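Atom set for the values below is all heavy atoms of this structure, side chains included, hydrogens, waters and symmetry mates excluded. Residue indices begin at 1 and follow the sequence shown. Here the structure is a predicted model, which is why all the values come from computation and not from measurement.
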Amino acid sequence: MLTIVVLLAGLFIGAQMGLLTGKRPLRLGVTDGQLQPVRTQLSNAVSSTTTDYHRIAPLSGGTNAKASFERLRSVVAAMPGATIVVDQPEYLYAEFQSRIWHFVDDVEFLLDEPGGVIEVRSASRLGRKDFGVNRARIESIRAALTR
(Lines give C-alpha, C1' and ligand atoms only; values in the text may rest on other atoms or scores of the structure.)
Protein backbone atom coordinates (compact mmCIF):
# COMPACT_ATOMS: atom_id res chain seq x y z
CA MET A 1 0.00 0.00 0.00
CA LEU A 2 2.80 2.38 0.88
CA THR A 3 4.41 1.75 -2.51
CA ILE A 4 1.19 2.77 -4.29
CA VAL A 5 0.89 5.95 -2.22
CA VAL A 6 4.52 6.89 -2.93
CA LEU A 7 4.06 6.16 -6.64
CA LEU A 8 0.91 8.27 -6.85
CA ALA A 9 2.56 11.09 -4.90
CA GLY A 10 5.52 11.03 -7.28
CA LEU A 11 3.21 11.06 -10.29
CA PHE A 12 1.24 13.96 -8.84
CA ILE A 13 4.40 15.97 -8.13
CA GLY A 14 5.65 15.25 -11.65
CA ALA A 15 2.34 16.46 -13.06
CA GLN A 16 2.57 19.69 -11.08
CA MET A 17 6.06 20.22 -12.50
CA GLY A 18 4.70 19.97 -16.04
CA LEU A 19 6.12 16.53 -16.84
CA LEU A 20 2.77 15.29 -18.21
CA THR A 21 2.02 18.17 -20.57
CA GLY A 22 3.87 16.75 -23.57
CA LYS A 23 5.21 18.83 -26.43
CA ARG A 24 3.12 20.81 -28.89
CA PRO A 25 2.78 18.73 -32.08
CA LEU A 26 4.56 20.04 -35.15
CA ARG A 27 1.73 18.96 -37.45
CA LEU A 28 -1.12 21.26 -36.51
CA GLY A 29 -3.02 23.77 -38.56
CA VAL A 30 -4.54 23.74 -42.02
CA THR A 31 -3.03 22.05 -45.06
CA ASP A 32 -4.82 22.15 -48.40
CA GLY A 33 -7.91 23.56 -46.69
CA GLN A 34 -8.14 20.70 -44.14
CA LEU A 35 -7.17 20.01 -40.56
CA GLN A 36 -4.43 17.43 -40.05
CA PRO A 37 -5.57 13.80 -39.75
CA VAL A 38 -5.53 12.11 -36.34
CA ARG A 39 -3.24 9.16 -35.62
CA THR A 40 -5.39 6.16 -36.45
CA GLN A 41 -3.53 3.69 -34.21
CA LEU A 42 -4.50 5.59 -31.05
CA SER A 43 -7.87 6.04 -29.33
CA ASN A 44 -7.17 9.50 -27.95
CA ALA A 45 -8.62 11.83 -30.57
CA VAL A 46 -11.70 12.84 -32.55
CA SER A 47 -11.97 14.55 -35.92
CA SER A 48 -14.80 15.65 -38.16
CA THR A 49 -12.72 14.99 -41.26
CA THR A 50 -12.16 11.27 -40.81
CA THR A 51 -14.39 8.31 -41.59
CA ASP A 52 -13.16 5.81 -38.98
CA TYR A 53 -14.05 5.40 -35.29
CA HIS A 54 -12.46 8.80 -34.52
CA ARG A 55 -15.30 10.47 -36.45
CA ILE A 56 -17.34 13.18 -34.80
CA ALA A 57 -19.81 15.43 -36.60
CA PRO A 58 -18.63 18.95 -37.40
CA LEU A 59 -20.20 21.81 -35.50
CA SER A 60 -23.16 23.41 -37.23
CA GLY A 61 -22.62 26.91 -38.50
CA GLY A 62 -26.36 27.53 -38.55
CA THR A 63 -27.66 30.26 -40.81
CA ASN A 64 -24.56 32.40 -40.24
CA ALA A 65 -21.43 30.24 -39.97
CA LYS A 66 -19.14 33.25 -39.49
CA ALA A 67 -21.19 34.46 -36.50
CA SER A 68 -21.17 30.91 -35.08
CA PHE A 69 -17.38 30.87 -35.37
CA GLU A 70 -17.20 34.16 -33.46
CA ARG A 71 -19.40 32.67 -30.74
CA LEU A 72 -17.17 29.58 -30.70
CA ARG A 73 -14.20 31.77 -29.75
CA SER A 74 -16.08 33.03 -26.69
CA VAL A 75 -17.23 29.54 -25.71
CA VAL A 76 -13.71 28.11 -25.92
CA ALA A 77 -12.11 31.04 -24.10
CA ALA A 78 -14.54 30.60 -21.19
CA MET A 79 -13.91 26.87 -20.75
CA PRO A 80 -11.82 25.67 -17.79
CA GLY A 81 -8.22 24.91 -18.69
CA ALA A 82 -8.46 26.49 -22.17
CA THR A 83 -5.76 28.69 -23.65
CA ILE A 84 -6.27 30.04 -27.15
CA VAL A 85 -2.95 29.77 -28.99
CA VAL A 86 -3.88 30.77 -32.56
CA ASP A 87 -6.88 32.94 -33.39
CA GLN A 88 -7.38 33.61 -37.09
CA PRO A 89 -10.53 34.58 -39.00
CA GLU A 90 -11.26 30.98 -40.07
CA TYR A 91 -9.01 28.92 -37.76
CA LEU A 92 -8.84 28.57 -33.99
CA TYR A 93 -6.33 26.49 -32.05
CA ALA A 94 -6.58 26.02 -28.30
CA GLU A 95 -4.80 23.94 -25.71
CA PHE A 96 -6.84 22.40 -22.91
CA GLN A 97 -5.01 21.44 -19.75
CA SER A 98 -6.61 19.06 -17.25
CA ARG A 99 -6.95 20.48 -13.75
CA ILE A 100 -5.20 17.86 -11.61
CA TRP A 101 -2.80 15.94 -13.86
CA HIS A 102 -2.08 18.80 -16.29
CA PHE A 103 -2.43 16.63 -19.40
CA VAL A 104 -2.75 18.81 -22.53
CA ASP A 105 -5.08 18.26 -25.48
CA ASP A 106 -4.74 20.16 -28.76
CA VAL A 107 -8.09 21.33 -30.14
CA GLU A 108 -8.57 22.93 -33.55
CA PHE A 109 -11.51 24.44 -35.38
CA LEU A 110 -11.74 25.36 -39.05
CA LEU A 111 -14.59 27.41 -40.45
CA ASP A 112 -16.08 26.02 -43.67
CA GLU A 113 -18.33 28.95 -44.42
CA PRO A 114 -19.60 27.67 -47.82
CA GLY A 115 -20.42 24.31 -46.22
CA GLY A 116 -22.05 25.97 -43.21
CA VAL A 117 -20.00 23.94 -40.70
CA ILE A 118 -17.02 24.21 -38.39
CA GLU A 119 -14.62 21.28 -38.74
CA VAL A 120 -13.06 20.04 -35.48
CA ARG A 121 -10.03 18.08 -34.36
CA SER A 122 -9.27 17.31 -30.73
CA ALA A 123 -6.33 15.10 -29.72
CA SER A 124 -4.45 14.21 -26.55
CA ARG A 125 -0.71 14.73 -26.62
CA LEU A 126 0.11 11.79 -24.41
CA GLY A 127 -1.33 8.32 -23.93
CA ARG A 128 -3.02 5.79 -26.14
CA LYS A 129 -6.54 6.42 -24.81
CA ASP A 130 -8.39 9.47 -23.57
CA PHE A 131 -11.41 7.72 -22.03
CA GLY A 132 -13.76 9.84 -24.13
CA VAL A 133 -12.48 13.21 -22.91
CA ASN A 134 -11.95 14.73 -26.37
CA ARG A 135 -15.36 13.59 -27.65
CA ALA A 136 -17.08 14.87 -24.51
CA ARG A 137 -15.33 18.25 -24.84
CA ILE A 138 -16.48 18.73 -28.44
CA GLU A 139 -20.03 17.68 -27.53
CA SER A 140 -19.96 20.18 -24.65
CA ILE A 141 -18.88 22.91 -27.07
CA ARG A 142 -21.62 21.84 -29.50
CA ALA A 143 -24.22 22.14 -26.72
CA ALA A 144 -22.92 25.57 -25.67
CA LEU A 145 -23.18 26.83 -29.24
CA THR A 146 -26.84 25.82 -29.48
CA ARG A 147 -27.90 27.64 -26.30
Side-chain angles (χ1 to χ4, degrees), residues 7-8 10-147:
L7 182 63
L8 285 174
L11 187 60
F12 181 76
I13 291 169
Q16 303 313 303
M17 294 173 56
L19 299 178
L20 300 179
T21 60
K23 294 184 187 219
R24 185 175 293 158
L26 298 175
R27 293 192 57 207
L28 290 174
V30 180
T31 302
D32 297 327
Q34 298 240 336
L35 296 173
Q36 299 294 322
V38 295
R39 295 180 292 175
T40 57
Q41 69 272 26
L42 302 178
S43 299
N44 66 357
V46 294
S47 172
S48 61
T49 60
T50 191
T51 57
D52 62 11
Y53 63 92
H54 295 98
R55 174 86 179 145
I56 191 165
L59 303 174
S60 172
T63 57
N64 186 341
K66 193 167 241 157
S68 293
F69 199 74
E70 290 299 322
R71 178 151 161 63
L72 171 68
R73 286 182 173 89
S74 300
V75 167
V76 170
M79 293 181 77
T83 302
I84 294 178
V85 178
V86 177
D87 186 352
Q88 297 172 344
E90 296 181 349
Y91 173 76
L92 184 70
Y93 163 49
E95 295 173 342
F96 282 81
Q97 188 171 57
S98 64
R99 190 170 49 96
I100 295 174
W101 296 108
H102 298 267
F103 289 115
V104 176
D105 297 337
D106 299 289
V107 184
E108 299 175 279
F109 305 92
L110 177 63
L111 174 62
D112 175 3
E113 193 170 3
V117 297
I118 301 168
E119 301 290 354
V120 300
R121 179 185 187 278
S122 184
S124 300
R125 287 186 184 170
L126 300 176
R128 297 189 62 77
K129 295 184 179 193
D130 70 350
F131 303 100
V133 169
N134 285 293
R135 187 172 299 277
R137 176 184 301 113
I138 298 303
E139 293 303 341
S140 172
I141 291 169
R142 186 186 319 279
L145 286 174
T146 60
R147 286 187 210 133

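Annotation for A45 and V38: closest pair CB-CG1, 3.7 Å, computed over non-hydrogen atoms. When every heavy atom of I100 is checked against every heavy atom of H102, the shortest pair comes out as O-CD2, 3.1 Å. Taking each heavy atom of A65 and G116 in turn, the nearest pair found is CB-CA, 4.2 Å. Closest approach of L42 and Y53 over heavy atoms only: O-OH, 3.3 Å. Smallest separation of non-hydrogen atoms from L35 and Y91: CD2-CE1, 3.9 Å. The shortest heavy-atom contact between L111 and P89 is CD2-O, 4.4 Å.
Using a 4.5 Å heavy-atom threshold, the side chains of P58 and I118 count as separate. Side chains of P25 and Q36 form no contact here, defined as non-hydrogen atoms less than 4.5 Å apart. At least one side-chain heavy atom of V120 sits less than 4.5 Å from a side-chain heavy atom of L59. Under the 4.5 Å side-chain criterion, counting only non-hydrogen atoms from C-beta, V86 is not in contact with E108. You'll find the side chain of I141 reaches within 4.5 Å of the side chain of F109, heavy atoms only. Side-chain contact between R121 and T49: absent, with no pair of heavy atoms (C-beta onward) separated by less than 4.5 Å. A heavy-atom distance below 4.5 Å is not found between the side chains of L126 and N44. Using a 4.5 Å heavy-atom cutoff, the side chains of P114 and D112 are in contact.
Separating the CZ atom in R135 from the OG atom in S122 is a distance of 10.0 Å, to the nearest 0.5 Å. Distance check: Q34 CD to E119 CD gives 7.0 Å after rounding to the nearest 0.5 Å. From D130, atom CG reaches atom OG of S43 across 8.0 Å, with rounding to the nearest 0.5 Å. To the nearest 0.5 angstrom, N134 atom CG is 11.0 Å from S47 atom OG. Rounding to the nearest 0.5 angstrom, the gap separating the CE atom in M79 from the CD1 atom in I84 is 11.0 Å. Distance NE2/H54 to OG1/T40: 7.0 Å, rounded to 0.5 Å.
Evaluation of the side-chain hydrogen bond (donor to acceptor under 3.5 Å, both in side chains) rule for E139 yields R142 as partners, not counting sequence neighbours.
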Practice task
Could you check L145 against L72 for side-chain contact (heavy atoms from CB on, under 4.5 Å), going step by step and ending with a plain yes or no?
Solution key: CA-CA 7 Å; L145 286 174; L72 171 68; 4.2 Å; yes
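Comment: R24 does not engage D106 in a salt bridge, judged by the lack of any side-chain N to carboxylate O separation of less than 4.0 angstrom.
Sorted by first and then second residue, the pairs that involve residues 60-71 and meet side chain to side chain donor-acceptor pair (under 3.5 Å), not counting sequence neighbours, are E70-R73.
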